[in-house]
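Throughout, numbering of the chain's residues begins at 1 and tracks the sequence. As a basis for the values below, the full set of heavy atoms in this structure was taken, side chains included, without hydrogen atoms, waters or symmetry mates.
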Amino acid sequence: MPFVLIGNRKESVETLTMLAWDEASNLRFGPAAAYATVLFIYVAVAALVFVKLLGADVIGEARERTRKAPPRLAKPEVVHA
């Protein structure tokens with residue numbers, strides 16, 4: 001969003017994504033990969049905090065259905081005479 005609102009090459013609003021893109025476009029893949037890895041870790045930690053602390057139910061109603069399902073009856077054995 002800062003890229004769209006402000007434009008590129010503005011150091012005051014440069015985000016981690018913009019840094020990674022700029023490094024990769026200038027063929028400096030090492031720093032670009034480092035920025036992308038830091039960004040991935042940041043997003044993963046934010047998602048973990050969301051799921052754990054805010055009580056997000058990731059698998060939804062499937063958990064409730066398995067708890068409320070009636071127990072399965074065993075199949076009758078077939079006796080051959």
Please determine whether residues Y42 and V45 belong to a single hydrophobic cluster, defined as Ile, Leu, Val, Met, Phe, Trp and Tyr linked transitively by side-chain heavy-atom distances below 4.5 Å. no

Closest non-hydrogen atom pair, A36 against A20: N-CB, 4.3 Å

Can you tell me how far the OH atom of Y35 sits from the CG atom of D22, to the nearest 0.5 Å? 9.0 Å

For residues L53 and I41: do they belong to one hydrophobic cluster (side chain heavy atoms under 4.5 Å, members Ile, Leu, Val, Met, Phe, Trp, Tyr)? yes

From L39 atom CG to L19 atom CG, the distance as rounded to the nearest 0.5 Å: 10.5 Å

